[in-house]
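Read the structure below first, then the notes.
Quick note: numbers below take in every heavy atom, side chains included, and nothing from hydrogens, waters or symmetry partners.
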Amino acid sequence: MNGRAERQEYLEIAIQWIKNEDATVEDYMAAHQHDKTATALWSHFQAVINRVEAVFPNYRNPMKGADWGGLYGRLKDESLDPEELEADVARLMVDDDVTKKAGIYPYLLTGEEKHLSIRAFSDAMKQQAYERQAGICVVCKDKFDISEMEADHIDPWSEGGKTNEGNCQMLCRPCNRRKSSK
């Protein structure tokens, strides 16, 4: 967890993990201000931490700051293989295309690549692909200005494709959006 104990930021994070998703921390505090103990909060906090430690037994600094409480709520009953996850973590930690290492954990648990902040193609790579294609979208075959196009991985990153000149193609925005939604 990220935070400062003297500012009770850890408590705030623990409350965020247990509260109803429509409620605020203040709502939770108001509803529980007369509780004699914080046993329910402490038990939930421990359940989240124990699950994380069981699934990811090798601690790495990028684990700090992940929304473990939210991930726990979505995935607490799923059967996860710690050895398989560890192999995936190790592989992604050394992948130069993954620029947000803290996103590895949410990515592995949800499959959502947005958590990784995968390195984008540089402007030079985009321009090179645009020139190579003569401004033609490889999907719809229409001609576009470069400002109307977006760079796309030919071999998807999720299947081992790299973010380099040879794996870059330019698609018009509508074609790229349709491809991304599949």
Side-chain angles (χ1 to χ4, degrees), residues 1-25 28 38-122 125 150-169 171 176-182:
M1 292 181 2
N2 286 328
R4 295 178 299 188
E6 70 272 8
R7 305 255 336 189
Q8 294 193 353
E9 291 170 347
Y10 296 145
L11 175 60
E12 185 176 346
I13 290 168
I15 292 170
Q16 288 172 351
W17 289 358
I18 195 173
K19 70 179 178 61
N20 178 316
E21 64 182 57
D22 296 331
T24 64
V25 170
Y28 181 89
T39 304
L41 178 61
W42 179 247
S43 295
H44 184 77
F45 177 82
Q46 287 295 311
V48 172
I49 297 300
N50 289 339
R51 177 71 167 153
V52 171
E53 288 176 343
V55 173
F56 297 106
N58 295 333
Y59 175 79
R60 290 181 175 85
N61 201 44
M63 294 174 83
K64 286 183 177 180
D67 178 21
W68 293 114
L71 292 168
Y72 174 82
R74 289 173 56 186
L75 306 162
K76 66 182 175 191
D77 297 325
E78 288 197 26
S79 177
L80 301 168
D81 182 350
E83 289 181 11
E84 184 179 312
L85 287 170
E86 174 56 28
D88 290 339
V89 170
R91 176 180 53 81
L92 291 168
M93 282 290 179
V94 297
D95 189 324
D96 291 336
D97 289 337
V98 177
T99 58
K100 186 177 177 188
K101 302 300 185 190
I104 290 172
Y105 300 95
Y107 165 71
L108 290 175
L109 296 172
T110 66
E112 299 169 358
E113 287 182 8
K114 68 179 182 178
H115 295 292
L116 298 175
S117 188
I118 299 168
R119 184 175 60 200
F121 292 103
S122 69
M125 288 184 224
E150 297 174 342
D152 177 62
H153 287 82
I154 297 168
D155 294 323
W157 178 88
S158 61
E159 296 174 15
K162 292 294 178 187
T163 307
N164 59 34
E165 298 86 2
N167 196 34
C168 181
Q169 64 183 353
L171 305 179
N176 196 36
R177 298 292 189 269
R178 279 191 295 277
K179 180 181 179 204
S180 296
S181 66
K182 291 182 181 178

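Checked against ring pair (Phe, Tyr, Trp, His ring centres under 6.0 Å), His44 has the following partners two or more places apart in sequence or in another chain: Tyr72. For Tyr28, the ring pair (Phe, Tyr, Trp, His ring centres under 6.0 Å) partners two or more places apart in sequence, or in a different chain, are His32. Residues meeting the salt bridge (Lys or Arg N to Asp or Glu O under 4.0 Å) test with Asp67, sequence neighbours left out: none.
Closest non-hydrogen pair, Ala14 versus Phe45, comes out as CB-CD1, 3.9 Å. Shortest non-hydrogen contact noted between Ala54 and Pro82 is O-CG, 3.4 Å. The two residues Glu78 and Arg74 have their closest heavy-atom pair at OE2-O, 4.4 Å. Between Cys168 and Met125, the shortest heavy-atom contact is SG-O, 4.0 Å. When every heavy atom of Asn58 is checked against every heavy atom of Glu86, the shortest pair comes out as ND2-CD, 3.1 Å.
Rounding to the nearest 0.5 Å gives a distance of 8.5 Å between CG of Asp152 and CG of Asn167. His115 contributes atom NE2, which lies 8.0 Å from atom NZ of Lys100 (distance to the nearest 0.5 angstrom). In this structure, CH2 on Trp68 lies 9.0 Å from CH2 on Trp17, to the nearest 0.5 angstrom. Atoms OG1 and CG, from Thr163 and Asp96 in turn, are 10.0 Å apart once rounded to the nearest 0.5 Å. Summarising the geometry, atom CG belonging to Leu80 is positioned 5.0 Å from atom CZ belonging to Arg51; distances are rounded to the nearest 0.5 Å.
Side-chain contact between Ile104 and Arg60 is absent, with no heavy atoms from C-beta onward closer than 4.5 Å. Contact annotation: the side chain of Phe56 approaches that of Leu109 to within less than 4.5 Å [non-hydrogen atoms, C-beta and beyond]. Leu92 is listed as a side-chain neighbour of Tyr107, based on a closest heavy-atom distance under 4.5 Å. Here the side chains of Leu11 and Leu41 are in contact, with some heavy-atom distance below 4.5 Å. Thr24 is not listed as a side-chain neighbour of Lys19, based on a closest heavy-atom distance of 4.5 Å or more. Side-chain contact between Val52 and Leu71 is absent, with no heavy-atom pair separated by less than 4.5 Å.
Aromatic pair Phe121/His153: ring centres closer than 6.0 Å.
Within a 6.0 Å radius of CD in Glu83, no more than 12 heavy atoms belonging to other residues, nucleotides or ligands are found.
Ion pairing of Asp95 with Lys162 is present here, as a side-chain N (NZ or NE/NH1/NH2) and a carboxylate O approach within less than 4.0 Å.
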